[in-house]
Chemist: 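Have a look at this one.
All residue numbers in this chain count up from 1 along the given sequence.
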Amino acid sequence: MDQRVALRYAQALFNAAKKQGVVGAVGDDLNAIGGAIQGEPRLAKIIGDQDTPRHQKQGLLERLFSDRVTSLTMQVLRLMLEKKREGGLLELRDAYDALRKEDERVLSINVVSARELTADQKQRIEKKIADATKKSVTATYEIEPKVQGGVKVELGGYVIDGTVTGGLNRLRETLKYDFLNQR
């Protein structure tokens with residue numbers, strides 16, 4: 001499913017969930033459904049198969065989830081089947097999660113470093129970003145040996161590169177720019 005379409009479905013679902021006061025429950029439902037699809041290749045194959053009749057898919061989803069998810073989530077699953085959008089359930093989950101985090105003012109960041117950071121370093125990074133953005137921060141940490149000192153923080157489509165390599169690249173670009181402007 002196209003990201004724009006997933007976002008439209010997610011926005012409609014989020015608005016309805018907020019009106020009914022079940023934002024968290026629907027998010028949990030979508031995570032459970034996404035986990036089931038990712039964890040069970042046969043389920044993913046059946047849902048993604050365009051040759052499998054809609055009524056079979058709907059029956060399967062009803063059996064698996066109707067007693068485990070909210071009625072709102074089931075309505076969206078039925079609608080997606082009806083509109084032949086069931087292949088986009090994972091994109092819907094991700095878009096809904098992003099809307100939920102934005103509404104709750106939670107910012108997800110990914111921090112990349114050459115080695116494991118201490119708890120104090122992690123806390124300082126998260127605090128600095130939380131103070132700058134006025135949002136709560138949830139962070140994931142990645143170790144990438146080719147990073148030479150410092151950290152790189154990815155947030156909301158932006159990258160803050162505080163690595164030695166990033167600094168050297170910026171210095172190279174500045175020197176090149178200055179050299180070319182002197183002519």
Chemist: Leu72 vs Leu13, test: side-chain contact (heavy atoms from CB on, under 4.5 Å). Steps then yes/no.
Modeler: CA-CA 8 Å; Leu72 182 59; Leu13 178 58; 3.7 Å; yes
Chemist: Determine, step by step, whether Leu61 and Ile33 satisfy the side-chain contact (heavy atoms from CB on, under 4.5 Å) criterion, reporting the C-alpha distance in whole Å, the side-chain angles of both residues, the deciding distance to 0.1 Å, and the verdict.
Modeler: CA-CA 9 Å; Leu61 292 175; Ile33 292 166; 5.7 Å; no
Chemist: Are Leu64 and Leu79 connected in a single hydrophobic cluster, I mean Ile/Leu/Val/Met/Phe/Trp/Tyr linked by side-chain heavy atoms less than 4.5 Å apart?
Modeler: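 Yes, because Leu79 and Leu64 connect within a single hydrophobic cluster, where side-chain heavy atoms sit under 4.5 Å apart.
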Chemist: Look up atom CG in Leu43 and atom CD1 in Ile37, then write down how far apart they are to the nearest 0.5 Å.
Modeler: 5.5 Å
Chemist: Verify side-chain contact (heavy atoms from CB on, under 4.5 Å) between Glu102 and Phe14, making sure each step is shown before the conclusion.
Modeler: CA-CA 11 Å; Glu102 180 65 30; Phe14 183 80; over 6 Å; no
Chemist: Enter the distance from Asp94:CG to Asn31:CG here, rounded to the nearest 0.5 Å.
Modeler: 8.5 Å
Chemist: So, are Lys122 and Glu126 salt-bridged, with charged N and O less than 4.0 Å apart?
Modeler: no
Chemist: How long is the straight-line distance from CD of Gln56 back to CG of Leu81, given to the nearest 0.5 Å?
Modeler: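 One finds 12.0 Å between CG of Leu81 and CD of Gln56.
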Chemist: Not counting sequence neighbours, list each pair that qualifies as a salt bridge (charged side-chain N to carboxylate O under 4.0 Å, His left out) and has a residue in residues 12-25.
Modeler: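 Sorted result for residues 12-25: Lys18-Asp103.
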Chemist: Where do Ala6 and Ala95 come nearest, in terms of heavy atoms and distance?
Modeler: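 Nearest pair, atom of Ala6 first, then Ala95: O-CB, 4.0 Å.
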Chemist: Quick check: do Leu7 and Leu99 have side-chain heavy atoms less than 4.5 Å from each other?
Modeler: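 In short, these two side chains touch, coming nearer than 4.5 Å.
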Chemist: Donor-acceptor check, side chain of Arg170 to backbone of Gly166, threshold 3.5 angstrom: yes or no?
Modeler: yes
Chemist: Once you round to the nearest 0.5 Å, how far does CE of Met80 lie from CD of Gln58?
Modeler: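 If we round to the nearest 0.5 Å, Met80:CE and Gln58:CD are 13.5 Å apart.
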Chemist: Can you tell me how far the NZ atom of Lys57 sits from the CG atom of Leu60, to the nearest 0.5 Å?
Modeler: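 Answer for the NZ-CG pair, Lys57 versus Leu60, is 10.0 Å.
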Chemist: Take Glu62 and Arg78, measure what side-chain contact (heavy atoms from CB on, under 4.5 Å) needs, and give me the verdict at the end.
Modeler: CA-CA 9 Å; Glu62 294 276 348; Arg78 288 184 199 109; 2.6 Å; yes
Chemist: Could you give the distance from CG (Leu175) to CG (Leu171), rounded to the nearest 0.5 Å?
Modeler: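 Separation between the atoms: 4.5 Å.
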Chemist: Are Asp29 and Val22 close enough that some pair of their side-chain heavy atoms sits under 4.5 Å apart?
Modeler: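 Side-chain contact under 4.5 Å: no.
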Chemist: For Lys101, is there an ion pair with Asp97 - N to carboxylate O distance below 4.0 angstrom?
Modeler: yes
Chemist: Could you report the tightest heavy-atom contact between Gln121 and Thr118, atom names first, then the distance?
Modeler: OE1-N, 2.8 Å
Chemist: Which salt bridge (charged side-chain N to carboxylate O under 4.0 Å, His left out) pairs, counting each pair once, include a residue from residues 140-169, with sequence neighbours left out?
Modeler: none
Chemist: Determine, for Lys176 against Glu173, whether the closest basic-nitrogen to carboxylate-oxygen distance falls under 4.0 angstrom.
Modeler: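 A salt bridge is present here (some side-chain N lies under 4.0 Å from a carboxylate O).
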Chemist: Can you confirm whether more than 12 heavy atoms, excluding those of Glu104, are under 6.0 Å from its CD atom?
Modeler: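 Count over threshold, so yes.
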Chemist: Looking at every heavy atom in both Gly149 and Ala114, which two are closest together, and how far apart are they?
Modeler: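 Reported closest heavy-atom pair: N-CB, 4.5 Å.
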Chemist: Less than 4.5 Å apart, any side-chain heavy atom of Leu92 and any of Val76?
Modeler: yes
Chemist: Would you indicate whether the side-chain heavy atoms of Val23 and Tyr96 approach each other to under 4.5 Å?
Modeler: yes
Chemist: So, do Thr163 and Gln148 sit near enough that their side-chain heavy atoms are less than 4.5 Å apart?
Modeler: no
Chemist: Can you give me the closest heavy-atom contact between Arg105 and Lys135, atom names plus distance?
Modeler: O-CB, 3.3 Å
Chemist: Would you mind listing the cluster partners of Val153? Hydrophobic ones only (ILVMFWY), side-chain contacts under 4.5 Å, chaining allowed.
Modeler: Leu107, Ile109, Val111, Leu117, Ile125, Ile129, Val137, Tyr141, Val151, Leu155, Ile160
